[in-house]
Amino acid sequence: SVAFFFGSGLGMDAAGYRTAEAFHRSLGSPPKFSPMTIDGTNKVLVSSLVGGFPGLNGKTDNEHVKMLVYVGVNPMVSHGHNTGMFNPAKEIRAIAARGQVWTIDPLRTETAKLSSEHIAPYPGKDYVILAWLVREILADSRHKPVQPVTGKEELSAALASLDCATAAAVAGVPEAQLHALLAAINQNGGVVVETGTGVSMTESANLTQWFAWVLMILTGTMNQKGGCWFHPGFIIQFDSFELPLMDNPFTPGAPSMPEASGLIGEWPCAALAGEIEAGNIRALVNLGGSILRSFPDANRLQPALEKLELNVALEVVANETTALSSHVLPTKDQTERPEISFWDTLCGSLSLFYNDAMVEPLGERRSAWWVISQLMQRLDLPMPEHLPEHDSNEADHAMLAAQMQGARCSFDAVTQAGVVNRPLQVPGDWVNRHIQRIGGWRLAPQPLLQQWQQTFPAGKAEIGTPR
């Protein structure tokens, strides 16, 4: 009856997050929610089904790419979805100068204004544009995958009935734009496709992400210089061991939402309100998440949260969610504690950053790891061995150092330098070894084929209806 939300707030706290994971495990791994099922489900799903591992985190080689397509992402504002662009205007202009940048987005975004071309489909219909491109490239012998693939025949059969006129009608764009985009891909010898939350929050998110990956695989840009590279990790070195085969990301989901499965052990955030209403969740540990601002259907969620017997929030600021909490535990923010760039694979380089505490903690704030460890101790739960007794600055450093065993540099090295960069190997041999070992990229996973067979006919049925 206890659930955890691993929010982005504590997600940026390296020591706090790892201690929270230990707390969650010590309670028998109860229901877990995180932002992944708000804006990142499609990426984890496709990397698992197509690549056999959910941790394949693709990045654009911005220094060398010649043909880049942004779909539902506005890096001029967001700096990319999990890609970490430091100076997006400079990089986008440079790519457009040496090649082409296309943006597919219903809105003429800031990124679209810097792009070579802009296609504005109906919201949620970008998938059919990419599907038509895949169909055409499957039939074009000039493009060759670099790595082995399986499922070409099945995918070709699934897309056989999709012609340009239908794709354009479903998407609500001129056919000429689709032909121009295909010609640009052919002219540049391949394409890199980068998606964002404009895709991941739509009903067709999985299809768009799937076809984006297939386009890169078929045109030979996957795991290539000038294409899409995969982050090998700085703290955990994915290139130092044989990746496990994890091609079935589906796990049991919330009983109150049987139509939605879980994903790699997490429940959909949309299920939280129903689980509380059903009495399945009576207590919530909210680790730095502004739940009312980020979860679906706040009108249903707010009264559900009010029903909780225990609603514990670890937070740095008062907000709508803390106002509904039974207990608010104030923790140090990012300026009040030393920190490392814990989510290293979200960075656009093979690097690690460190910053020391800049100011003294306000009020009664304590280190998140210490707060959580005190809860564990008072609940008589198994405690991690390396936990210091007090949350001094030295103890905060010791907790960070404990995260870096097996990293590409020592904790002392990153504290002295502030940032440590390591050379990045592209293509990554570790990716090629993994794809060889699983028999090739899987172009036609059954769950995605089934979703295409349901979504495309529905899209065709909408042709001609008012928008």
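Numbers here simply count residues along the sequence, with the first being 1.
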Y17 ring center within less than 6.0 Å of W343 ring center: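 Ring centres of Y17 and W343 closer than 6.0 Å.
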Between F5 and F295, is the ring centroid distance below 6.0 Å?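 Yes, close enough.
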Ring pair (Phe, Tyr, Trp, His ring centres under 6.0 Å) for F230 and F238? Distances and angles first, verdict last. CA-CA 10 Å; F230 292 93; F238 293 128; over 10 Å; no
Is the W213 ring parallel, tilted or perpendicular to the W441 ring (thresholds 30°, 60°)?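 Geometry flag for W441 against W213: perpendicular rings.
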Nearest heavy-atom neighbours spanning G439 and T150: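 Taking every non-hydrogen atom into account, O-CG2, 3.3 Å.
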Under a 3.5 Å threshold, yes or no: a donor from one side chain and an acceptor from the other, between [X] and [Y]?
{"X": "T111", "Y": "T109", "result": "no"}
{"X": "E315", "Y": "N319", "result": "yes"}
{"X": "T60", "Y": "N62", "result": "no"}
{"X": "Y70", "Y": "H118", "result": "no"}
{"X": "H143", "Y": "N186", "result": "yes"}

Heavy atoms of other groups near R93 CZ, more than 12 under 6.0 Å: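 No, CZ of R93 has 12 or fewer neighbouring heavy atoms, counting only those of other groups under 6.0 Å.
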Is M358 atom CE crowded by more than 12 heavy atoms from other residues, nucleotides or ligands, each under 6.0 Å away?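 Open: at most 12 neighbouring heavy atoms sit under 6.0 Å from CE of M358.
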Intermediate values then yes/no, side chain to side chain donor-acceptor pair (under 3.5 Å), D429 and Q425: CA-CA 8 Å; D429 290 341; Q425 182 193 52; 3.2 Å; yes
Pairs in or reaching into residues 38-52: which pass side-chain hydrogen bond (donor to acceptor under 3.5 Å, both in side chains), with residues at least two apart or in two chains?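 Every side-chain hydrogen bond (donor to acceptor under 3.5 Å, both in side chains) pair that includes a residue of residues 38-52, provided the two are not neighbours, is K43-H81.
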Enumerate the residue pairs fulfilling side-chain hydrogen bond (donor to acceptor under 3.5 Å, both in side chains) with a member in residues 217-233, sequence neighbours excluded, ordered by first and then second residue.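 Only N223-N432 qualify under side-chain hydrogen bond (donor to acceptor under 3.5 Å, both in side chains).
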When rounded to the nearest 0.5 angstrom, what is the spacing between CD in E21 and CZ in F4?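 Reported value, rounded in 0.5 Å steps: 11.0 Å.
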Under the criterion side chain to side chain contact (heavy atoms under 4.5 Å, CB included), which of D61, V65, L114 is the partner of I95?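 With I95 as partner, D61, V65, L114 yield a single side chain to side chain contact (heavy atoms under 4.5 Å, CB included), made by V65.
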